[in-house]
K.L.:
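Supplied in structure tokens, the structure appears directly below.
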Amino acid sequence: MILSAAHVSRVFAMPAGPVTAVRDVTLNIASGDHVAVRGPSGCGKSTLLHMLGCVDTPSSGTLLFEGHDVAALSDRERSRLRLQSIGFVFQRFFLLPMLSAAENVELPMSEAGLADHRPSQLSGGEMQRVAIARALANRPRLLLADEPTGELDQATGEHVAALLDRVNADGTAMVIVTHDHALADRARRVLTMRDGRVESESTR
């Protein structure tokens with residue numbers, strides 16, 4: 001098992017009182033899993049993804065990454081875990097504009113091809129492929145993607161979805177937060193969240 005979340009919740013302290021973004025979620029991710037997380041905006045999808053990626057820690061419950069309690073790790077140990085074992089892909093790419101595509105990724109750009117181009121010279125689909133290549137640079141065991149096709153047109157989104165399928169077929173476990181029904185339908189497990197909870201799970 002790569003990742004195991006048991007009854008995890010995340011509560012944020014706000015001026016008007018505490019806000020619970022994720023409520024009592026139990027979830028296991030095994031090697032090669034392909035999981036999509038769906039639900040309305042504000043239901044806790046991204047907060048859950050941040051916890052699964054060890055960017056944030058649960059307010060309660062237990063999160064284990066390959067058997068290690070994430071809450072018991074130091075900040076440096078969590079940073080090392082993210083660097084070595086987890087890849088992240090975001091809706092807005094987050095490429096550094098002053099670097100070339102190759103410099104953003106630091107590995108051959110076999111997918112995007114345009115290795116010497118700056119992000120401003122790339123299309124949205126090309127930037128997302130660079131972002132995916134960057135996320136895979138250290139051969140992570142888990143890839144987390146937050147709305148990876150959210151800013152792409154349908155045809156470009158299909159190309160990016162196919163690339164993610166190939167990544168998963170190579171054995172990388174994947175959790176994708178998405179509003180894109182077509183992208184979610186490619187996953188073998190689909191979780192539907194509402195009000196911070198996993199309301200349902202379907203498999204295919």
Side-chain angles (χ1 to χ4, degrees), residues 1-94 131 134-135 138 140-151 164 168 172-180 183-184 187-203:
M1 193 67 63
I2 293 177
L3 189 147
S4 180
H7 303 289
V8 297
S9 296
R10 183 65 173 98
V11 180
F12 293 98
M14 303 296 285
V19 173
T20 302
V22 172
R23 301 171 184 269
D24 194 31
V25 170
T26 295
L27 173 65
N28 294 313
I29 306 295
S31 180
D33 263 356
H34 187 179
V35 180
V37 183
R38 293 175 47 187
S41 296
C43 72
K45 303 185 301 296
S46 293
T47 300
L48 176 62
L49 200 73
H50 292 160
M51 289 193 291
L52 298 182
C54 304
V55 174
D56 195 7
T57 54
S59 302
S60 61
T62 304
L63 181 67
L64 303 179
F65 193 97
E66 296 187 328
H68 301 285
D69 186 346
V70 173
L73 301 177
S74 67
D75 288 343
R76 178 173 292 183
E77 288 170 330
R78 281 198 297 273
S79 294
R80 186 181 306 118
L81 187 155
R82 291 193 300 270
L83 178 65
Q84 296 177 346
S85 301
I86 304 172
F88 295 89
V89 179
F90 301 98
Q91 178 176 353
R92 297 184 184 276
F93 322 125
F94 294 121
R134 179 182 59 188
N138 288 334
R141 292 182 282 284
L142 176 65
L143 181 70
L144 303 176
D146 195 351
E147 299 287 1
T149 60
E151 295 200 346
L164 291 171
N168 179 246
T172 303
M174 188 178 301
V175 179
I176 300 175
V177 162
T178 184
H179 284 100
D180 184 338
L183 183 61
R188 287 186 291 277
R189 297 166 58 195
V190 178
L191 309 181
T192 300
M193 290 189 70
R194 188 174 299 276
D195 297 328
R197 300 181 184 275
V198 174
E199 187 177 61
S200 64
E201 177 175 350
S202 59
T203 59

K.L.:
Between L164 and M174, what is the shortest heavy-atom contact and its length?
P.N.:
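Heavy-atom minimum between the residues: O-CE, 3.1 Å.
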K.L.:
Under the 3.5 angstrom rule, does the side chain of H179 hit a backbone N or O of G39 as a donor-acceptor pair?
P.N.:
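The answer is yes, because a donor-acceptor pair under 3.5 Å joins these two groups.
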K.L.:
Examine the side chains of S59 and R10 and answer whether a donor and an acceptor come within less than 3.5 Å of each other.
P.N.:
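Judged by distance alone, the side chains do pair up.
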K.L.:
For the pair T172 (side chain) and N168 (backbone), establish whether a donor and an acceptor sit closer than 3.5 Å, ignoring hydrogens and angles.
P.N.:
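No, T172 side chain to N168 backbone: no donor-acceptor pair under 3.5 Å.
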K.L.:
Of all heavy-atom pairs between G53 and L144, which one has the smallest distance, and what is that distance?
P.N.:
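So the two residues come closest at CA-CD1, 3.2 Å.
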K.L.:
What I want to check is whether the side chains of S9 and R23 have a donor and an acceptor closer together than 3.5 Å.
P.N.:
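No pair is found: no donor N or O on one side chain lies under 3.5 Å from an acceptor on the other.
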K.L.:
Nearest 0.5 Å, please: how far is CZ in R197 from OG1 in T20?
P.N.:
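Here the interatomic distance stands at 9.0 Å.
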K.L.:
First locate atom CD1 of I2, then atom CG of L142, and finally report the distance between them rounded to the nearest 0.5 Å.
P.N.:
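Spacing of CD1 (I2) from CG (L142) equals 6.0 Å.
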K.L.:
Does D24 have more than 12 heavy atoms from other residues, nucleotides or ligands lying within 6.0 Å of its CG?
P.N.:
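Counting other residues, nucleotides and ligands, CG of D24 exceeds 12 neighbours.
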K.L.:
Taking all heavy atoms of R38 and all of V190, pick out the closest pair and write down the distance.
P.N.:
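Closest pair (atom of R38, atom of V190, distance): CD-CG1, 3.9 Å.
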K.L.:
Of the non-hydrogen atoms in T178 and E147, which two are nearest, and what is the gap between them?
P.N.:
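In this case the closest contact between T178 and E147 is CA-OE1, 3.4 Å.
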K.L.:
Grab the two heavy atoms, one from S85 and one from P140, that are nearest each other, plus how far apart they are.
P.N.:
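Answer, listing the atom of S85 first, then P140: O-CB, 3.3 Å.
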K.L.:
Can you tell me how far CG of L81 sits from CZ of R76, rounded to the nearest 0.5 angstrom?
P.N.:
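Spacing of CZ (R76) from CG (L81) equals 15.0 Å.
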K.L.:
Please round to the nearest 0.5 Å and tell me the distance separating atom OG1 of T149 and atom CG of L183.
P.N.:
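These two atoms lie 5.0 Å from each other.
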K.L.:
Between V175 and L191, is any pair of side-chain heavy atoms under 4.5 Å apart?
P.N.:
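No, every pair of side-chain atoms sits at 4.5 Å or beyond.
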K.L.:
So, for A184 and A36, which heavy atoms are closest and what is the spacing to 0.1 Å?
P.N.:
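Shortest heavy-atom contact: CA-CB, 3.8 Å.
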K.L.:
Taking side chain as C-beta onward, heavy atoms only, is P40 less than 4.5 Å from R194?
P.N.:
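Yes - at least one pair of side-chain heavy atoms lies under 4.5 Å apart.
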K.L.:
I want to check something: taking the side chain as every heavy atom from C-beta on, are I29 and M1 in contact at a cut-off of under 4.5 Å?
P.N.:
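With C-beta onward as the side chain, the pair stays apart.
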K.L.:
Using the rule given for side-chain contact (heavy atoms from CB on, under 4.5 Å), can you reason through I176 versus V89, listing the C-alpha separation, both sets of side-chain angles and the distance that settles it, and then say yes or no?
P.N.:
CA-CA 9 Å; I176 300 175; V89 179; over 6 Å; no
